[in-house]
Structures are given as C-alpha cells and as structure tokens.
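Right, one structure below, let's go through it.
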Amino acid sequence: AVRGMNDVLPGQLAAWQHLERVYRALLRDYGYEELRVPIVEHTELFRRSLGEYTDIVEKEMYTFSDTGGDSLTLRPEATAGVVRAVIANGLLRGARLKLWTAGPMFRHERPQKGRFREFYQLSVEAIGFPGPDIDAELLAFGARLWRKLGITRVRLLLNSLGTSAARQQYRAALLSYFEAHAAALDADSKRRLHGNPLRILDSKNPQLQGLIQGAPLLGDYLDAESRAHFASLCASLDGLQIPYTINPRLVRGLDYYSHTVFEWVTDALGAQDAICSGGRYDGLIAQLGGEATPGIGFALGQERVVELIGQAGTSPVALPPAVYLIASGARAEALGLQLAEALRDAIPGQGVQMNLGGGNFKAQFRRADRSGACLALILGDAELERGVVALKPLRREAGQSECTPGELPARVRLM
C-alpha cells in the first residue's frame with residue numbers, strides 16, 4: 001500500500017460499521033440530509049477557503065494538473081466542497097440547510113498513530129442559521145454520539161474567534177507582539193507573520209510554546225456581538241449539562257472560522273488528541289461567491305473514533321450465519337443453491353452460508369463448525385432419495401431431524 005494509506009480488513013470493519021450506523025441514526029433524529037460531493041476539486045477552491053498560510057495549503061495537499069491543464073486537488077477536508085456544491089446548485093436562496101457527508105480525505109502528512117494520508121471523516125454542515133442555538137445543538141449532537149458509542153474519555157474545548165472586525169484588531173495586536181520577538185520565530189512562523197499571524201498560534205514547535213503562551217488573547221478583543229453570542233452558547237451548554245472548558249488559545253487551523261470554534265479531545269490516543277473539530281464559518285459562503293450566509297459544521301475522524309470504540313469494548317461482535325448448508329454431489333449442490341436462496345428470503349439478515357468448492361462430509365462439517373452457524377442443513381444422496389433435508393443443531397445437544405424442502409423455511413424459523 002502507498003505509505004499512509006491503509007487497508008481496513010473484514011475483521012476490523014465491525015467497529016466502523018457500528019459507528020456509521022449510530023451516526024446515521026442520530027443525523028436522522030436531528031434532521032440532517034446526506035449530500036455527496038466529489039473527491040477532486042479545483043485547487044483554487046481550497047486556496048480561497050482554507051487560506052494560503054495554512055499547513056494544508058502550503059505543505060499537505062495532493063495537487064496535480066489534469067490533461068486539460070487544470071490544477072486539481074484531492075479534497076483535504078469536506079466543508080469547502082459542500083459550500084461549493086450549495087452555491088453551484090442554487091441551494092442557498094434563503095434556505096436553512098442541515099447536511100452531512102462522509103468519505104476519504106487526503107493530506108500529505110507524516111504518518112503516525114491516528115494520523116494518515118488517506119483518512120475518513122464524517123462531516124456535518126448547518127447553513128443559514130445565524131444564532132448560537134445551532135451551535136449548542138451541534139455540540140449536543142456530539143455529546144449524544146459519545147454516549148451512544150460508550151466513549152467516556154472525551155472532553156469539549158471551546159473558544160470564540162469573534163467577528164471579522166474583532167479578529168482584525170486582534171491580528172494587529174498579534175502582529176505587533178510577534179514582530180517584537182521576530183528573532184525567536186522559526187522559518188514557518190516568519191513566513192506567516194505578515195500573511196496570517198494567527199497561524200503562528202497553531203505551531204507545534206516546542207521551542208515556540210513559551211512565546212505563544214505570552215501572546216495576547218483573542219478574548220480580550222471580542223466585540224459586544226461576539227461576547228453575547230458566546231455567552232448565549234455557554235448558557236445553553238450549561239442548561240444541557242454538557243461540560244466544557246474554555247480554551248482561549250484554541251483558534252483552529254483554517255482561515256474560514258469565525259465566532260464559535262470547538263474540539264472534542266481525548267487523553268486515550270496519545271499526541272493525536274482531537275477526534276472531532278469544527279466551528280462557525282459565517283464569511284465563507286460570501287468569500288466563495290455566494291450570498292452572505294452563516295454556517296457551522298464539524299468533522300469527525302473515523303479512524304480515531306474507531307480506536308476509542310475498540311478501547312471501550314462497545315463494538316458489536318460480527319454475528320455468525322444462522323445456517324450452514326452442506327451438500328454432496330452435483331444434484332445436491334444444485335438443489336442446495338435453490339434452498340439457500342429460499343432461506344435468504346425466509347430469514348433475511350440472519351445469514352445463510354452454503355458450502356462451496358466441494359469436499360467430503362467431514363470437511364464440510366468442519367467448515368460449518370468454524371463458521372459459527374447454529375444449524376447445519378445436510379443434503380446427500382440418501383436425503384435426495386427420500387426427498388428430505390436433514391437438520392443438525394451445531395451449538396446444542398439435540399438429535400438430527402428431517403423435513404421436506406418445502407417445509408424447510410418454516411422449520412428453520414422455529415429453530
């Protein structure tokens with residue numbers, strides 16, 4: 001496999017499918033509809049939405065020229081594509097949209113535990129809702145998801161980035177601060193200093209952490225509108241009894257965020273502690289050419305949540321088939337195929353496996369036992385001569401019985 005792009009094997013998929021089932025059921029309860037967007041978009045979409053001075057755009061995007069000379073990029077995240085789709089398909093026009101999408105994302109990062117170059121996200125976007133009530137509902141959705149999955153080692157970090165005007169004031173203060181300490185900045189931070197100094201706050205360089213801790217706080221520059229929005233959100237979370245920690249250093253890594261930003265984090269995965277991140281992007285739709293429309297969303301990293309499900313031991317075990325059909329001889333195999341199809345109609349979802357590829361009765365019984373099936377059905381020459389099928393329970397002490405092929409669906413349903 002390509003480095004950083006992993007196979008997900010059949011034995012590992014039970015937890016993935018469990019997460020997806022729970023997630024889809026909750027989305028239905030909260031009124032979200034699915035939207036599917038392309039894996040490949042024009043590179044300019046991500047440059048305009050994510051920002052020139054983000055790690056994703058500067059270092060991590062998989063970008064190539066197609067045969068027509070267009071610059072295309074494998075999507076590194078979902079929000080930009082969703083917003084592009086909403087604008088391009090005329091879905092705005094005063095609409096209030098609750099959308100979700102899922103699938104692989106691609107970033108050329110250094111592979112490590114919980115961080116891959118192809119990774120899967122479940123994303124939610126709510127468009128056209130200006131107030132903090134939708135912020136609170138999204139966070140309530142997240143809290144409910146963790147409860148449904150049995151995940152307890154998770155906590156919510158919260159901050160406000162304020163309005164664009166508030167961030168411009170903060171940007172000026174931050175620029176002045178870092179310019180005064182320019183000699184201590186690394187090369188990446190110096191490059192971002194005049195492009196977007198907020199990105200310096202995202203630096204993972206341990207030598208810069210002391211300097212970053214001494215930087216001005218965005219909360220000190222919030223205007224009245226931003227403070228009121230954030231206070232209302234916090235009051236709603238208190239009313240919902242959803243614990244949270246206000247982290248004034250939380251700025252998120254993408255340029256399109258405004259007002260509320262948040263991360264659900266865990267102490268169970270080592271350095272890669274964020275499992276679900278998001279926030280408001282009230283200016284993004286206008287920035288990409290649509291009517292000015294508020295929006296908020298989040299993205300959940302499936303690999304990391306699946307790891308937490310495994311640690312919690314809450315993933316359901318894949319169920320064995322109910323029936324394993326043993327057949328010996330060409331006539332028996334032909335009839336066995338017909339019976340297997342009839343049983344799949346009679347007991348849908350229960351699992352009916354037929355022995356394929358031949359083998360004597362002893363070998364077929366071994367396969368039936370290994371399958372975990374509760375019941376073996378036996379078709380051989382003796383059964384064909386009498387016009388019956390033999391039924392042999394495999395997981396309890398009980399004698400073998402017989403019935404006609406026509407009686408078989410009803411008998412199996414009773415066993």
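The nearest pair of heavy atoms linking P76 to L50 is CG-CD1, 4.0 Å. Here the closest non-hydrogen pair linking A184 and L211 is CB-CD2, 4.2 Å. In terms of heavy-atom proximity, G150 sits nearest to T314 at CA-CG2, 3.9 Å. Between Q353 and S371, the shortest heavy-atom distance links the atoms OE1-CB, 4.2 Å. When every heavy atom of L26 is checked against every heavy atom of L145, the shortest pair comes out as CD1-CA, 3.6 Å. For the residue pair A126 and Y32, the shortest heavy atom distance occurs at CB-OH, 3.9 Å.
Without hydrogens or angle criteria, S226 side chain to T163 main chain gives a donor-acceptor distance under 3.5 Å. Not one N or O on the side chain of S315 forms a donor-acceptor pair closer than 3.5 Å with the backbone of I309. Between the side chain of R344 and the backbone N or O of V352 there is at least one donor-acceptor pair closer than 3.5 Å. In this structure, D70 contributes its side chain and L72 its backbone to no donor-acceptor pair below 3.5 Å. Under a 3.5 Å cut-off, the side chain of N89 and the backbone N or O of L91 do not form any donor-acceptor pair. Not one N or O on the side chain of R171 forms a donor-acceptor pair closer than 3.5 Å with the backbone of L198. Although no hydrogens or angles enter the test, the distance criterion places no donor-acceptor pair under 3.5 Å between the side chain of Q338 and the main chain of L335. A side-chain donor-acceptor contact under 3.5 Å links R411 to the backbone of E402. A donor-acceptor pair is defined here as one N or O able to donate and one able to accept, closer than 3.5 Å; such a pair exists between the side chain of R395 and the backbone of A373. Side-chain N or O atoms of Q121 include none that pairs as donor or acceptor with a backbone N or O of S123 at under 3.5 Å.
Counting only heavy atoms from C-beta outward, the side chains of L377 and L391 approach each other to under 4.5 Å. Proximity of L139 to L233: side-chain heavy atoms (C-beta onward) are separated by under 4.5 Å at one or more points. The shortest distance between side-chain heavy atoms of S236 and D133 does not fall below 4.5 Å. At least one side-chain heavy atom of P104 sits less than 4.5 Å from a side-chain heavy atom of I39. F141 places a side-chain heavy atom less than 4.5 Å from the side chain of L27. Side-chain contact between I87 and V83: present, with at least one pair of heavy atoms (C-beta onward) separated by less than 4.5 Å. Taking the side chain as every heavy atom from C-beta outward, F46 and I56 never approach each other to under 4.5 Å. Looking at heavy atoms from C-beta onward, Y244 lies in side-chain contact with D238 at the 4.5 angstrom threshold.
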Evaluate the side chain to side chain contact (heavy atoms under 4.5 Å, CB included) criterion for residues T266 and I151: first the C-alpha distance (whole Å), next the side-chain angles of each, then the deciding distance (0.1 Å), finally the verdict. CA-CA 10 Å; T266 180; I151 294 173; over 6 Å; no
Run the side chain to side chain contact (heavy atoms under 4.5 Å, CB included) test on E303 and Y120 for me, step by step, so that the C-alpha distance in whole Å, both residues' side-chain angles and the decisive distance to 0.1 Å come before the verdict. CA-CA 7 Å; E303 288 88 350; Y120 285 77; 3.6 Å; yes
Could you check L384 against L379 for side chain to side chain contact (heavy atoms under 4.5 Å, CB included), going step by step and ending with a plain yes or no? CA-CA 7 Å; L384 288 174; L379 265 179; 4.3 Å; yes
Residues L74, V40; criterion side chain to side chain contact (heavy atoms under 4.5 Å, CB included); working and verdict: CA-CA 5 Å; L74 296 177; V40 177; 3.8 Å; yes
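For the residue pair E125 / Y281, a side-chain donor-acceptor distance below 3.5 Å is found, with atom types taken as modelled. Between the side chains of H229 and D135, at least one donor-acceptor pair of N or O atoms lies under 3.5 Å.
How far CG of L138 is from NZ of K98: 8.0 Å, rounded to the nearest 0.5 Å. Note that the CD atom of E34 and the CZ atom of R24 stand 5.5 Å from one another [nearest 0.5 Å]. For the atom pair OG1 of T73 and NE2 of H42, the computed distance is 10.5 Å after rounding to the nearest 0.5 Å. A distance of 5.0 Å separates CZ of R249 from CD of Q213, quoted to the nearest 0.5 Å. In this structure, SG in C234 is found 5.5 Å from CG in L158, a value given to the nearest 0.5 Å.
With respect to R386 and D381, no salt bridge is recorded, no charged nitrogen being found less than 4.0 Å from a carboxylate O. Here R304 does not pair with E307 in a salt bridge; the nearest charged N to carboxylate O distance is not below 4.0 Å. A salt bridge links D188 with K59: the closest approach of a Lys/Arg side-chain nitrogen to an acidic carboxylate oxygen falls below 4.0 angstrom.
Atom CZ of R227 has more than 12 neighbouring heavy atoms from other residues, nucleotides or ligands inside a 6.0 Å radius. Counting heavy-atom neighbours within 6.0 Å of R147 CZ, excluding the residue itself, gives a total above 12. When the shell of 6.0 Å around NZ of K148 is examined, it contains 12 or fewer heavy atoms from other residues, nucleotides or ligands. Around CD of Q400, the count of heavy atoms belonging to other residues, nucleotides or ligands within 6.0 Å exceeds 12.
Paired with E109 under the rule salt bridge (Lys or Arg N to Asp or Glu O under 4.0 Å), one option of R117, R115, R3 passes, and it is R115.
You'll find the ring centres of W264 and F298 outside the 6.0 Å limit.
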